[in-house]
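In what follows, every chain begins at residue 1, and chains take the letters A, B, ... in the order their sequences are listed. Values reported hereafter were calculated over all heavy atoms of this structure, with side chains retained and with hydrogens, waters and symmetry mates removed.
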Amino acid sequence: MSSKEEIRSSWLELFCFMSSSARGLVGEPALYGPFRLVDSLEKIIVILENLGMADEFMEKEKAKIAEKKLIAITDRDAFIDFLDEIVIDFTKELKKAQL
Amino acid sequence: MATILDIMKKRRSIRSHSSQPIKKQDMERLVEAAAWAPSAGNSYPWNIVIVQQKQLLRKIQAVSPGMLGNPTALIILCNDREKAQARVGSKGRELFCFMDIAHAAQNICLEATELGIGSCLIMSFNPDAVAELIDLPEPYTADYLISLGYSKGQQVSTKKRTVKETILSWIKEKNDE
Ligand SMILES: Cc1cc2nc3c(=O)[nH]c(=O)nc-3n(C[C@H](O)[C@H](O)[C@H](O)COP(=O)(O)O)c2cc1C
C-alpha cells in the first residue's frame with residue numbers, strides 16, 4: 001500500500017465494517033459484539049501490515065485471531081477463553097511499552 | 001451415486017475458499033437450482049444479483065460483518081415485496097417472500113455442494129448499504145446473501161442434532177411401529 005488514496009480506502013473499508021457492525025449488533029446476539037471487535041482487531045493489524053507498520057508480535061496475534069475467532073460460532077466458553085488469552089497477550093506487550 | 005441426503009450432510013457453511021473464480025456454467029447451475037425452488041402462490045417475487053468482481057466483493061464485505069473469509073462470488077437474493085403483496089397479499093409481503101428465498105438459498109447451497117463449491121448463508125449484513133453498492137433498482141430489497149467459492153476450508157460446526165433430539169412429538173396410531 002503506498003498512495004494516500006489507497007491508505008484512505010483501506011481505512012474507509014474498516015469504517016464501513018465497524019459502522020455496519022454497530023448497526024447490525026442492535027438486533028444480534030450479544031456474543032456477536034465481542035466477535036466483531038476481535039474481527040476489527042484483525043482487520044486493523046492487516047492495515048498496519050500493509051503499511052509496513054506491523055511487527056512480529058502483531059502478526060502473531062493476527063494469525064491467532066484468524067485461527068481461533070470462528071470458535072465463537074460453536075463454543076461460547078472456548079471463545080471467552082480465547083478472548084482472555086488475547087487480552088493478556090496485548091497487556092503483556094503494553095506493559096513493556098513506553099507510553 | 002450420492003443420494004440427496006448425502007449431499008445435505010455434505011453441505012456445511014464454508015468460510016474459506018480457493019481463489020479460482022466460479023465458472024459461468026457452474027454459476028448458471030446454481031441459478032437453475034434456485035429457479036426450481038417452490039414459491040408461495042407460485043409468485044416468485046424474488047430475483048438474483050450475482051457479484052464476481054473483486055473490488056465490489058470487497059466493498060460488500062465491508063458492510064457485511066457476517067461475510068467471512070475470501071469468497072470469489074456472492075449471490076444476493078432480492079425480494080420485490082410489492083409483487084409479493086400483489087400476488088399473495090400481506091402475508092406474502094411480510095413472510096412468504098422470505099420463506100421463498102430461504103428455499104431458493106437452500107437449493108443453491110445443495111447444488112453448490114454437488115459442484116464442489118463451498119457456500120455460506122449470510123444475514124449479518126446491512127441491506128441498505130448492499131443495495132447502494134450494487135445499485136439495486138426499486139422496489140427490490142437485498143434480503144439474503146450467499147458467499148461462494150470453490151471449497152478449500154473445513155466447516156466450523158461439526159455436530160448436528162439426532163433424529164430423536166429433533167422430534168418434539170410424533171403423533172401416530174397406537175399399532176403403528
Ligand atoms: C438465516 C441464517 C443466517 C446466517 N447468517 C450467517 C452469517 O451472517 N455469517 C455466517 O458466517 N454464517 C451465517 N449463517 C450460517 C450458520 O452459522 C450455519 O448454518 C450454522 O452454524 C450451522 O452450520 P452448517 O451450515 O455448517 O451446518 C447463517 C445461517 C442461516 C440459516
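More than 12 heavy-atom neighbours from other residues, nucleotides or ligands sit within 6.0 angstrom of NZ on A:K43. Few gaps surround NZ on B:K172; more than 12 heavy atoms of other groups in view lie less than 6.0 Å from it. Remark: A:K69 NZ is packed, more than 12 non-hydrogen atoms of other residues, nucleotides or ligands lying under 6.0 Å away. Dense packing is recorded around CZ of B:F125, with more than 12 heavy atoms of other residues, nucleotides or ligands lying under 6.0 Å away. A 6.0 Å sphere centred on CD of B:E165 holds more than 12 heavy atoms belonging to other residues, nucleotides or ligands.
How far CG of B:N126 is from OG of A:S21: 10.0 Å, rounded to the nearest 0.5 Å.
Contact annotation for A:S20: both backbone and side-chain heavy atoms come within less than 4.5 Å of a heavy atom of chain B. Contacts between A:I73 and chain B at a heavy-atom distance below 4.5 Å involve the side chain alone, from C-beta outward. Within the 4.5 angstrom heavy-atom criterion, no atom of B:S13 approaches chain A. Only the side chain of A:E28 comes within contact range of chain B, with heavy atoms under 4.5 Å apart. No part of A:F15 comes within reach of chain B, as not one of its non-hydrogen atoms sits under 4.5 angstrom from that chain. With a 4.5 angstrom heavy-atom cutoff, B:R58 touches chain A via backbone and side-chain atoms both.
Linking Ile, Leu, Val, Met, Phe, Trp and Tyr whenever their side-chain heavy atoms come within less than 4.5 Å leaves B:L30 and B:I14 in two separate clusters. Transitive grouping of hydrophobic side chains (ILVMFWY, heavy atoms separated by less than 4.5 Å) keeps A:F35 and A:L37 in distinct clusters.
The nearest pair of heavy atoms linking A:E13 to B:A62 is O-CB, 3.6 Å. When every heavy atom of A:F17 is checked against every heavy atom of B:P65, the shortest pair comes out as CE1-CA, 3.5 Å.
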Task: Derivation of the side-chain contact (heavy atoms from CB on, under 4.5 Å) call for B:S124 and A:R36 - done: CA-CA 11 Å; B:S124 291; A:R36 302 283 185 244; 3.1 Å; yes
